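In this text, all values refer to a predicted model and were calculated from it rather than measured experimentally.
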Amino acid sequence: MHKGAKDFLHGLNNFSPRDHWWNLLDLWEARRGFRRIVYASLILALVGASLAMFVYPWWERTNSIKMVRQWLDADKVGKAAMAAQEGINLAPGNPEAWILSAECARRANDFNRALVASQMAAKLDPTNLNSTLYWASDALRIDRPDLATRALATVPQSVLAQSGWGLRLKGEIARLQNEQADARRFFEAAVRLDGTTPVGEVPLGIVLLGDPDEAVRQRGRDLLARWSDDPKWGGMALRTETQ
């Protein structure tokens with residue numbers, strides 16, 4: 001037999017896993033520097049794994065949300081919408097990503113898509129009153145008072161009674177359903193809460209114009225005339241007042 005083969009077989013016959021294990025332990029005890037290197041390597045490996053599993057995905061989600069806001073601030077709605085969708089893909093359970101997606105859709109006048117996104121945001125975080133009110137508002141933008149009613153039904157009435165926005169939404173639902181008395185009641189309650197603002201007084205003025213009492217109709221005209229020069233509400237006030 002070849003000498004090399006004999007040496008290999010001799011070594012194989014004399015191989016003892018236990019002896020090698022004890023030799024390794026002796027080396028481990030004798031080499032303090034080696035132990036420190038191994039410990040440090042294990043710690044670095046664990047930290048690296050943690051970064052890969054938790055920190056980087058968190059950073060990626062946070063960065064996508066930040067990018068949406070920056071694009072919206074720059075009035076780059078298309079780019080903002082893409083970043084918002086990326087945020088949703090990364091974290092579909094994050095309500096903030098859906099909130100921003102809904103805002104992008106509103107800026108693009110895509111109110112059907114806004115409704116889908118605002119509904120998701122509200123369902124993911126039912127404690128966020130604004131998300132639910134946006135859900136109802138987006139439903140009204142596409143003439144779906146039934147969906148708006150469903151959205152507001154998820155909020156305690158005592159909470160809505162302390163929200164001017166919530167009361168205005170209830171008033172608009174009532175107006176669309178031709179319940180003029182309820183609409184007037186809700187709009188007046190909103191004005192009492194929020195004070196003299198066009199967002200409250202213009203809808204109230206419109207409802208008052210339909211009252212059979214001339215004095216009430218005159219009050220409605222007065223409210224609309226007050227805001228006829230407002231940049232946002234003036235056009236609606238003038239058109240309604242002169243009908």
Side-chain angles (χ1 to χ4, degrees), residues 61-62 65 68-69 72 84 87-88 91-107 109-208 210-211 216 219-220 223-224 226-227 230 232-233 236-237:
R61 291 193 300 268
T62 303
I65 296 299
V68 177
R69 293 198 178 98
L72 285 175
I88 290 172
N94 181 8
E96 190 173 11
W98 290 100
I99 289 171
L100 290 172
S101 179
E103 178 60 22
C104 293
R106 289 185 205 103
R107 298 262 193 112
N109 293 321
D110 187 349
F111 298 114
N112 285 288
R113 187 162 61 88
L115 175 60
V116 172
S118 59
Q119 182 177 358
M120 279 297 301
K123 289 186 174 182
L124 288 170
D125 184 7
T127 64
N128 187 332
L129 177 61
N130 281 348
S131 291
T132 302
L133 297 183
Y134 270 120
W135 174 15
S137 178
D138 290 333
L140 289 175
R141 287 176 183 268
I142 60 170
D143 296 322
R144 290 296 304 272
D146 56 320
L147 296 181
T149 300
R150 186 187 308 171
L152 295 182
T154 65
V155 181
Q157 295 306 300
S158 58
V159 175
L160 285 177
Q162 299 302 315
S163 167
W165 185 9
L167 289 168
R168 287 192 298 275
L169 289 171
K170 294 190 71 171
E172 184 62 16
I173 292 171
R175 188 185 70 82
L176 290 173
Q177 295 174 340
N178 203 30
E179 298 170 353
Q180 300 304 312
D182 285 340
R184 175 180 175 179
R185 177 167 56 87
F186 289 130
F187 285 137
E188 286 184 331
V191 169
R192 286 194 296 271
L193 272 179
D194 292 346
T196 305
T197 62
V199 72
E201 291 193 336
V202 170
L204 175 59
I206 293 172
V207 169
L208 294 180
D211 197 275
V216 175
R219 181 189 170 207
L223 289 175
L224 294 174
R226 177 184 295 171
W227 302 106
D230 184 83
K232 182 176 180 180
W233 293 89
M236 180 185 296

Verdict with supporting geometry, Leu133 and Leu152, side-chain contact (heavy atoms from CB on, under 4.5 Å)
CA-CA 7 Å; Leu133 297 183; Leu152 295 182; 3.7 Å; yes
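- Distance check, rounded to the nearest 0.5 Å: OG of Ser137 to CG of Asn130 gives 11.0 Å.
- When every heavy atom of Ile88 is checked against every heavy atom of Ser101, the shortest pair comes out as CD1-CB, 3.8 Å.
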Assess the residue pair Glu103 and Ile99 against the criterion (side-chain contact (heavy atoms from CB on, under 4.5 Å)); give the C-alpha distance rounded to whole Å, side-chain angles, the decisive distance to 0.1 Å, and a yes or no.
CA-CA 6 Å; Glu103 178 60 22; Ile99 289 171; 5.8 Å; no
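- Exactly one of Arg168, Arg226, Arg219 qualifies for a salt bridge (Lys or Arg N to Asp or Glu O under 4.0 Å) with Glu201. That residue is Arg226.
- The side-chain heavy atoms of Trp227 and Thr196, taken from C-beta on, include a pair separated by under 4.5 Å.
- For Lys232 and Asp230, the salt-bridge test fails: no basic side-chain N is under 4.0 Å from an acidic carboxylate O.
- Under the 6.0 Å distance and 45° angle rule, Arg106 counts as a cation-pi partner of Tyr134.
- Separation of atoms CG (Leu147) and CH2 (Trp135) is listed at 8.5 Å; rounding is to 0.5 Å.
- Annotation for Ala174 and Ala183: closest pair CB-N, 3.6 Å, computed over non-hydrogen atoms.
- Across all non-hydrogen atoms, the minimal contact from Thr197 to Asp194 is CG2-O, 3.8 Å.
- Rounding to the nearest 0.5 Å gives a distance of 11.0 Å between CE of Met120 and CG of Asn94.
- Using a 4.5 Å heavy-atom cutoff, the side chains of Thr132 and Asn128 are not in contact.
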Could you walk me through whether Val202 and Leu224 pass the side-chain contact (heavy atoms from CB on, under 4.5 Å) check?
CA-CA 6 Å; Val202 170; Leu224 294 174; 4.0 Å; yes
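- Scanning all heavy atoms of the two residues, the minimum distance from Pro203 to Pro198 falls at CD-O, 3.6 Å.
- We find the NZ-CD distance between Lys170 and Glu179 to be 11.0 Å, quoted to the nearest 0.5 Å.
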Please determine whether side-chain contact (heavy atoms from CB on, under 4.5 Å) holds for the pair Ile142 and Asp138, giving the CA-CA distance in whole Å, both sets of side-chain angles, and the decisive distance to 0.1 Å.
CA-CA 7 Å; Ile142 60 170; Asp138 290 333; over 6 Å; no
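- Annotation: the span from Gln162 atom CD to Leu129 atom CG amounts to 11.5 Å, rounded to 0.5 Å.
- Of all non-hydrogen atoms in Ala148 and Ile173, the two that sit nearest each other are CB-CD1, 3.7 Å.
- Between the side chain of Trp98 and the backbone N or O of Pro92, at least one donor-acceptor pair lies under 3.5 Å.
- Taken to the nearest 0.5 Å, the CZ atom of Arg175 stands 9.5 Å off from the CG atom of Leu140.
- Side-chain atoms of Ser131 and Asp125 form no donor-acceptor pair, as typed in the model, at a separation below 3.5 Å.
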